Amino acid sequence: MSSVETIKKIAVIGAGTMGHGIAEVAAIAGYEVWIYDIKDEFLKNAMEKIRWSVSKLASKGTVREDVETVMSRIHTSLDFEEVVRGADFVIEAVPEKIDLKKEIFAKLDKLTPEHAILATNTSSLPITEIATATNRPDKVVGMHFFNPPPLMPLVEIIKGDKTSDLTARITYELAKKFGKQPVMVNKDVPGFIVNRILMRFLSAACWMVANKKATVEEVDSAVKYKLGFPMGAFELSDYSGVDVMYLVAKAIMERGTDITPCPLFEEKYKAGEYGVKTGKGFYQYPQPGKYSRPNIPKDAGEKVDEVELIAPAINEAAWLLREGIGTRDDIDKATELGLGYPKGILKYADDYGIDRVVETLERMQKETGWKEYTPDPLLKKMVEEGKLGRKTGEGFYKYPKVEEKKLKNLIVRYEPPIAWVVLNRPRKLNALSIDLLKELSNVMDELEEDDKIRVVVITGSGRAFSAGADVTAFMGITPFKAAIYSRRFQEITNKIEYYTKPVIMMLNGFTLGGGMELAMSGDFRFASELAMLGQPEINLGIIPGAAGTQRMPRLVGLSKAKELIYTGDMIPASEALKIGLVDRVVPPEKLEDEVRKFALKLAEKPPLALLAAKYSIQFGMETDLWHGEALESAFFGLTFSTEDVIEGVTAFMEKRKPKFKGK
């Protein structure tokens with residue numbers, strides 16, 4: 001097989017949670033999919049769950065095809081040979097038993113075409129060993145999806161010792177065709193990227209409690225409210241299954257990874273206290289299988305050193321990078337998308353300071369005597385070279401000179417000639433409260449007066465730009481109060497639309513409702529491939545109230561705007577690009593760099609001419625052609641009164657780059 005384009009038929013072996021989820025993803029992407037399992041009831045159950053899931057996605061607008069059309073591409077059979085006959089790509093998703101997987105791969109090797117790629121969805125077993133069961137180890141690869149596959153964007157592509165570069169590349173491209181965000185794991189190491197880093201973090205959290213440095217609640221409070229993780233370490237373990245975490249860690253350790261087993265997980269495992277599924281784990285739940293969020297006070301973790309919790313994970317990430325197992329960007333993408341961290345693990349290292357991380361590891365090693373806390377040579381080298389992270393301008397990433405101001409709901413980063421305004425309510429998906437909007441309005445006024453700032457970028461922290469207005473703040477308000485709020489929100493979007501400097505909206509994730517309306521007021525919208533956009537207000541019995549009904553038709557046309565507003569559907573960034581709702585779509589790890597490049601390009605232009613062009617366009621859109629042309633002529637004439645026009649013409653004559661001052 002020379003190209004991903006030649007893949008037509010995909011076979012999935014195993015109809016369990018992961019198997020049927022993977023089959024669903026492949027069918028939604030347009031592939032003919034065959035599923036095999038050993039019992040008809042397993043296959044029927046899988047098809048029922050797939051239909052339910054596809055219907056749910058279709059109701060939200062995520063799947064644009066008819067449910068029956070998607071389902072028609074999925075076939076099931078108890079006949080192994082029928083399922084794999086003529087398959088171009090096979091994904092095995094059976095239980096994590098090495099002998100079972102090798103038995104299946106031996107059969108696949110005999111029954112599939114020579115060109116077929118054989119992938120395993122294992123989360124912990126060695127790809128290289130599985131490949132020994134075949135006569136085509138160059139075509140055996142790891143393709144590790146995360147649960148549930150239709151919703152989780154990350155896929156780890158793992159090379160075995162003999163996996164060819166072509167096989168890995170085709171698998172990577174197939175994951176992209178599935179609408180996923182793949183990362184390449186260049187060496188077959190236990191736990192790959194995500195689970196290795198997760199196990200280091202959970203081990204550190206567990207030992208902090210086992211050594212009576214802190215309680216479970218105190219650790220989880222620090223994890224949630226200091227590190228900003230979506231769940232505490234023990235809360236996550238309960239939710240995912242203490243048994244799952246214990247067995248994954250055990251498998252990683254048995255394959256030679258140096259982790260000192262913490263007794264708390266083993267105690268819970270042996271006691272059958274697996275978390276939510278059994279009704280009790282590190283926390284108590286209403287009944288088995290019923291999740292309720294544990295009460296974790298925000299101030300409980302005040303005395304916990306959060307760097308001690310994250311330093312071993314950073315150390316692991318440094319090892320992965322130094323050994324060439326993953327790139328910097330892939331390691332950070334894996335932790336953001338696979339673990340839900342608000343930023344990559346290496347960005348955490350830069351923010352806390354590489355020197356502080358090394359000092360913490362050395363202290364932990366001294367206290368325990370464990371080699372696993374020995375700082376990785378890469379971290380030591382960075383400290384020696386003075387590359388300590390954000391505070392020195394370079395760590396794992398390079399940083400321009402930045403001044404940062406933290407407000408209650410916003411972070412403002414001054415990076416002249418750019419200012420970054422970050423909506424900072426990540427736990428509420430940056431929901432737009434009244435206080436946040438007031439802060440935003442005031443900040444925009446201040447930046448407008450700052451001559452050093454030429455371009456403003458607005459974005460969100462965590463996994464959302466903004467998922468909309470903070471609905472809880474508006475429950476029970478009168479129609480009159482609602483109209484007042486709507487008008488005030490409109491005033492802010494108008495302020496941004498007619499701002500005297502270019503405004504770029506960096507859409508890093510969910511951009512919904514009021515967040516979509518805010519985004520549409522900017523001059524440009526750059527979106528991550530992961531962003532989902534929409535105006536879902538209709539589903540709450542209301543309509544957009546911050547000019548969404550006005551700006552969207554101007555951007556995408558009347559008919560498309562009506563469709564999005566009437567249905568309340570969310571659409572992916574790729575579709576938003578096609579209809580003109582966003583201007584560019586880039587991989588999440590490249591989003592900030594692309595926005596920065598564009599902002600710097602704009603910042604080089606004459607500020608007064610940019611303003612004249614902006615007003616000519618914006619005001620011209622609100623009138624007829626004749627009045628618009630008259631407006632353009634007036635602004636054209638005014639630009640000739642500026643010092644910038646003299647600089648521009650002079651630089652052109654002297655064949656040099658102009659230096660505009662905005663005068």
Side-chain angles (χ1 to χ4, degrees), residues 410 412 418-423 430 432 434 436-450 453-460 465-466 468-469 484-507 511-527 533-535 537 543-558 560-561 564-565 576 579-584 595 598-599 602-603 605 607-624 627-628 631-632 634-635:
L410 302 175
V412 186
I418 308 169
W420 304 76
V421 181
V422 184
L423 311 179
N430 302 319
L432 301 170
I434 293 170
L436 185 150
L437 293 174
K438 286 179 181 177
E439 278 187 11
L440 179 60
S441 182
N442 292 335
V443 164
M444 296 303 288
D445 288 343
E446 291 171 12
L447 294 174
E448 198 164 32
E449 296 290 334
D450 190 335
I453 300 302
R454 297 277 184 92
V455 181
V456 177
V457 179
I458 300 178
T459 189
F465 172 74
S466 171
I484 291 173
Y485 169 77
S486 171
R487 187 68 194 130
R488 287 179 179 169
F489 197 164
Q490 289 170 355
E491 287 170 359
I492 294 172
T493 57
N494 287 337
K495 176 183 288 188
I496 293 171
E497 182 167 357
Y498 293 97
Y499 204 61
T500 56
K501 300 173 181 182
V503 179
I504 304 171
M505 298 293 181
M506 189 171 88
L507 312 181
T511 305
L512 306 172
M516 186 72 254
E517 292 172 292
L518 179 63
M520 287 190 291
S521 67
D523 294 299
F524 305 97
R525 283 158 294 283
F526 281 53
L533 302 88
Q535 297 281 179
E537 289 91 344
I543 67 171
T549 61
Q550 304 305 303
R551 288 195 176 91
M552 187 166 281
R554 287 166 166 78
L555 288 171
V556 304
L558 189 63
K560 199 66 185 177
L564 291 173
I565 293 171
I579 65 174
L581 192 54
V582 300
D583 303 295
R584 294 192 195 177
V595 170
F598 187 67
L602 292 179
K605 307 304 177 184
L608 296 175
L610 280 177
L611 176 59
K614 180 173 182 174
Y615 278 9
S616 294
I617 294 168
Q618 296 294 142
F619 287 114
M621 289 286 290
E622 305 303 324
T623 187
D624 57 57
H627 287 93
L631 188 65
E632 180 185 78
F635 278 121

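Note that the structure is predicted; figures quoted are calculated from it, not measured.
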What heavy-atom pair brings [X] and [Y] nearest, and what distance separates the two atoms?
{"X": "Gly548", "Y": "Pro553", "answer": "O-CD, 3.9 Å"}
{"X": "Val455", "Y": "Ala599", "answer": "CG2-O, 3.5 Å"}
{"X": "Ala527", "Y": "Val582", "answer": "CB-CG1, 4.1 Å"}
{"X": "Pro544", "Y": "Ile565", "answer": "CD-CG2, 4.0 Å"}
{"X": "Arg554", "Y": "Gln550", "answer": "NH1-O, 2.8 Å"}
{"X": "Gln490", "Y": "Arg487", "answer": "OE1-NH1, 2.8 Å"}

Apply side chain to side chain contact (heavy atoms under 4.5 Å, CB included) to [X] and list each qualifying residue two or more places apart in sequence or on a separate chain.
{"X": "Asp583", "answer": "Phe524, Arg525"}
{"X": "Lys501", "answer": "Ile453, Tyr499"}
{"X": "Thr511", "answer": "Phe465, Leu507, Met516, Ala519, Leu533"}

Carboxylate-amine/guanidinium contact Lys495 Glu448, below 4.0 Å: no

Any residue meeting side-chain hydrogen bond (donor to acceptor under 3.5 Å, both in side chains) with Glu449, in chain and number order, not counting sequence neighbours: none

Test side-chain hydrogen bond (donor to acceptor under 3.5 Å, both in side chains) applied to Arg488 - qualifying residues, sequence neighbours left out: none

Heavy-atom side-chain contact between Leu581 and Met552 under 4.5 Å: yes

pair Thr459-Val595: side-chain heavy atoms closer than 4.5 Å: no

First locate atom [atom1] of [X], then atom [atom2] of [Y], and finally report the distance between them rounded to the nearest 0.5 Å.
{"X": "Ile492", "Y": "Leu518", "atom1": "CD1", "atom2": "CG", "answer": "8.5 Å"}
{"X": "Leu602", "Y": "Ile504", "atom1": "CG", "atom2": "CD1", "answer": "5.5 Å"}
{"X": "Met621", "Y": "Glu497", "atom1": "CE", "atom2": "CD", "answer": "9.0 Å"}
{"X": "Lys605", "Y": "Leu610", "atom1": "NZ", "atom2": "CG", "answer": "8.5 Å"}
{"X": "Tyr485", "Y": "Leu432", "atom1": "OH", "atom2": "CG", "answer": "6.0 Å"}
{"X": "Arg584", "Y": "Met506", "atom1": "CZ", "atom2": "CE", "answer": "14.0 Å"}

Donor-acceptor pair, [X] side chain versus [Y] backbone, under 3.5 Å?
{"X": "Gln535", "Y": "Leu564", "result": "no"}
{"X": "Thr493", "Y": "Ser521", "result": "no"}
{"X": "Ser441", "Y": "Lys438", "result": "no"}
{"X": "Glu632", "Y": "Ser616", "result": "no"}

Derivation and outcome, side-chain contact (heavy atoms from CB on, under 4.5 Å), residues Thr623 and Leu631: CA-CA 10 Å; Thr623 187; Leu631 188 65; 5.8 Å; no

Met444 vs Leu440, side-chain contact (heavy atoms from CB on, under 4.5 Å): CA-CA, chis, key distance, verdict: CA-CA 6 Å; Met444 296 303 288; Leu440 179 60; 4.1 Å; yes

Contacts of type ring pair (Phe, Tyr, Trp, His ring centres under 6.0 Å), residue Phe619, not counting sequence neighbours: Tyr498, Tyr615

